[in-house]
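Each chain gets a letter, A, B and so on, in the order its sequence line appears, and its residues count up from 1.
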Amino acid sequence: MTTNPVKRRTVLKGMLATGVSAVALPLPAIAQAAPFKIGLLTVKTGPLAQGGIQMEQGIVTFLKEKSYTLAGRKVELLVADTGGNPAGARTKAQEVIERDKVNVILGPLAAFELLAITDYVRDNATPLISLAAAEDVTQRRANPFVIRPSATSAQCCHVMGDYAAKELNYKRAATISEDFAFGYEQMAGFQRAFEDNGGKVVKKLWPPLVTPDYTPFIAQIGNVDCVFNGFAGSNPVKFMRSYADLGLKAKTPLLAGWTAMDDALLRSLGDEAVGVISAAYYSADFGSDSNKRFVAAMQKDYNVLPGGYSAGMYVAGQCVEAAIQALGDKADDRKALADALHKVSLSDTPRGPVKFDQYGNVVGDVFIRRCERKGGALVNTVIKTYPGVSQFWTYNEKEFLANPVYARDYPPAKNLEN
Amino acid sequence: MSLWLTLTVNSVALGGLLFLLSSGFSLIFGLMRIPNLMHGSFFMLGAYLGVTLLARGANFWVAALASAAAMALIGGLIERFLLRRLEGQVLPQVLLTLGFAFIIADICLMLWTGDPWQPATPDHLRGAVQLAGLYFPLYRLVIVLVAVIIAVALWLLVDWTRLGAMIRAGVDDAPIARVVGIRVSQLFTLVFALGAALAAFGGVMGAPYLSVYPGLDFEMLPLALIVVILGGVGSLLGALVGSFLIGFLYNFGTALLPDLAYVILFLPMVLILVLRPQGLFGKVTT
């Protein structure tokens, strides 16, 4: 029933398109000058808007720097607000693909939004560059049209686990993160790398996504060498204040995933964040040329320190540019574009060198940062760089993929204490 | 042992904050017979106003009171010019408050962006109390103290003043109150403004430990609902007892059975609705 009007609309559009091309036929030069369309699926309303707005700032900054011309081709950016939910993401994906006929989609923000549209973009052969972290999108359910220039949930957490065990010599850790997939995947990655290097995760705490007060969870942490947290959105702000208020900050060092200590979050944080060590795929402190340009432009235009969402979109823009460059006048072929995106290799991005594995996930640097107060403002100072980190860390790719995806109980936590 | 003590003290602190949130909600619900679905929005908008003043260097208490005054004005205007036009039509009134909740959320997002704001705890309230070798933030105890002061003030207002007598009369039976010459519609405006002010004040008090961010409104609203349904609509004592009850249930529930955190929070509400719909301290309505 409901498919009928859609079909009719598609037919109508087809007729319109034919009409246009009939006019354009004698003038191929005009057809060639048609802009390359980038559709951005982001979130501008509701509780997830914070990250969504940053994503838009990142890609706009990149396109402004390039005067909206990538590899000699005019580029048009179409921004759609998904509202931060799967149904909205699906509707807007359909809108930008079928009505606007975009060449490539950037976004969406949240994992459940991405999962709602991966099959759809494949069926409609439209390349998609997402920052959402859901592991399996570039693992067991890899999709030839999807690439991810940011990181999987666990990509930085493997590094954190390794660093905590080897460099910080922590033996006992507690983990705390929201009770949802992004939290499970992050904590699993940390636990695996930490325990493979002799550490023990003795407590895993899962507060619900909406938690008015973290005190009852923090009170359960007990006697450990460190606490690793993977909070996202505005939750880390709340969590870290409670953590410090309860006097734990002085006793037990706090480690963090990238969303929990994102540079964009620093201006919302206070002294409670000083000393927190985090692992992230981006740091505003990083000294590459493109990053210096990027940070300066973001501060000039928006008066903010960019974080992972903006930087991720800037890198996504660089990937699109490189793919257009590689394809020349074949850039309108969606399948060729998707393949070219997988082959992109960049030496200078705000996050360092970037290339992709065969599943479309980035292989890039991961930074260990310590939060410090410099001249009144908080900064995440890079204290160690792990170059060329893959989503599989040091593990064998085949074995990794033969195991189940990271989850709340996988890999099993054998060292839990009560 | 220390876990229990921390949880107990924290339960009381959360209860205090919940009372600031829900006392106004309860009065509005009791008098006007509508659940004010923008109560969480008043809490959030008040908190945003407060942190903005704090960021400009205002004194903490000045910021909290100024924000409460501003929200009283906004709440009063909404009641006088919008809700009043729908007087007696409960469903349209509820929908109007819901609509406003969304409008306020979007305006806040525009004005304060999506970044979370968390003001520093005021200097003179920083620090910690040592309880049996345990570290506990002074600020949360201050919240409890403030909640108790406000509870006493509200009790004096409602039980011992002429205005309070009129409000009670309105809660008990608005038509009869009208018949004896009480201008109930003026009371509506007044109570609505008072409720908005209390929510805003609670928002500013809560900001240093809850922080302020988009979505805070709809996190707080269900808590106000649970408290008031538990305690009984229109009953200040009910709101007080309900707040502390939820404070304890939330803290101990999430610590003991973290997987059932929401069940523990909402199950009592369901039970009360089934077994004692008027709430613990509510009067039987006809």
Worksheet item: Is it true that Arg140(B) and Asp213(A) have a side-chain N and a carboxylate O under 4.0 angstrom from each other?
Response: yes

Worksheet entry | Verdict with reasoning, Val210(A) to Phe218(B), per side chain to side chain contact (heavy atoms under 4.5 Å, CB included) | CA-CA 10 Å; Val210(A) 175; Phe218(B) 283 101; over 6 Å; no

Which atoms of [X] approach chain A - backbone, side chain, both or neither, heavy atom under 4.5 Å:
X: Phe102(B); result: neither
X: Ser11(B); result: neither
X: Pro119(B); result: backbone

Using 0.5 Å steps for rounding, measure from the [atom1] atom of [X] to the [atom2] atom of [Y].
X: Thr45(A); Y: Met110(B); atom1: OG1; atom2: CE; result: 11.5 Å
X: Tyr213(B); Y: Lys238(A); atom1: OH; atom2: NZ; result: 3.0 Å
X: Leu7(B); Y: Gln220(A); atom1: CG; atom2: CD; result: 7.5 Å

Nearest non-hydrogen partners of [X] and [Y], listed with the distance:
X: Pro212(A); Y: Leu210(B); value: O-CD2, 2.8 Å
X: Pro216(A); Y: Asn10(B); value: CD-ND2, 3.9 Å
X: Thr6(B); Y: Ala219(A); value: CG2-CB, 4.1 Å
X: Arg241(A); Y: Pro208(B); value: NH1-O, 2.8 Å

Discussion item. If the condition is side chain to side chain contact (heavy atoms under 4.5 Å, CB included), which residues does Val263(B) pass it with, not counting sequence neighbours?
Written reply: Leu260(B), Leu267(B)

Worksheet item: Side chains of Gln118(B) and Glu272(A): closer than 4.5 Å at any heavy-atom pair?
Response: yes

Worksheet entry | Pro116(B) side chain near Gln50(A) side chain, heavy-atom distance below 4.5 Å | yes

Worksheet item: Is any residue of residues 250-257 of chain B within less than 4.5 Å of chain A by heavy atoms, and which ones?
Response: Tyr250(B), Asn251(B), Thr254(B), Ala255(B)

Discussion item. Looking at Ser268(A) and Asp115(B), would you say the former's side chain and the latter's main chain have a donor-acceptor pair under 3.5 Å?
Written reply: no

Worksheet, complete the sentence: One option among Leu109(B), Thr113(B), Leu223(B) has the most heavy-atom pairs under 4.5 Å with chain A, and it is Leu109(B)

Practice prompt. Among Pro207(A), Ala244(A), Ala49(A), Pro208(A), single out the residue with the greatest number of heavy-atom pairs under 4.5 Å to chain B.
Written response: Pro208(A)

Discussion item. Between Leu248(A) and chain B, with a heavy-atom cut-off of 4.5 Å, which part of the residue counts as in contact: side chain, backbone, both or neither?
Written reply: neither

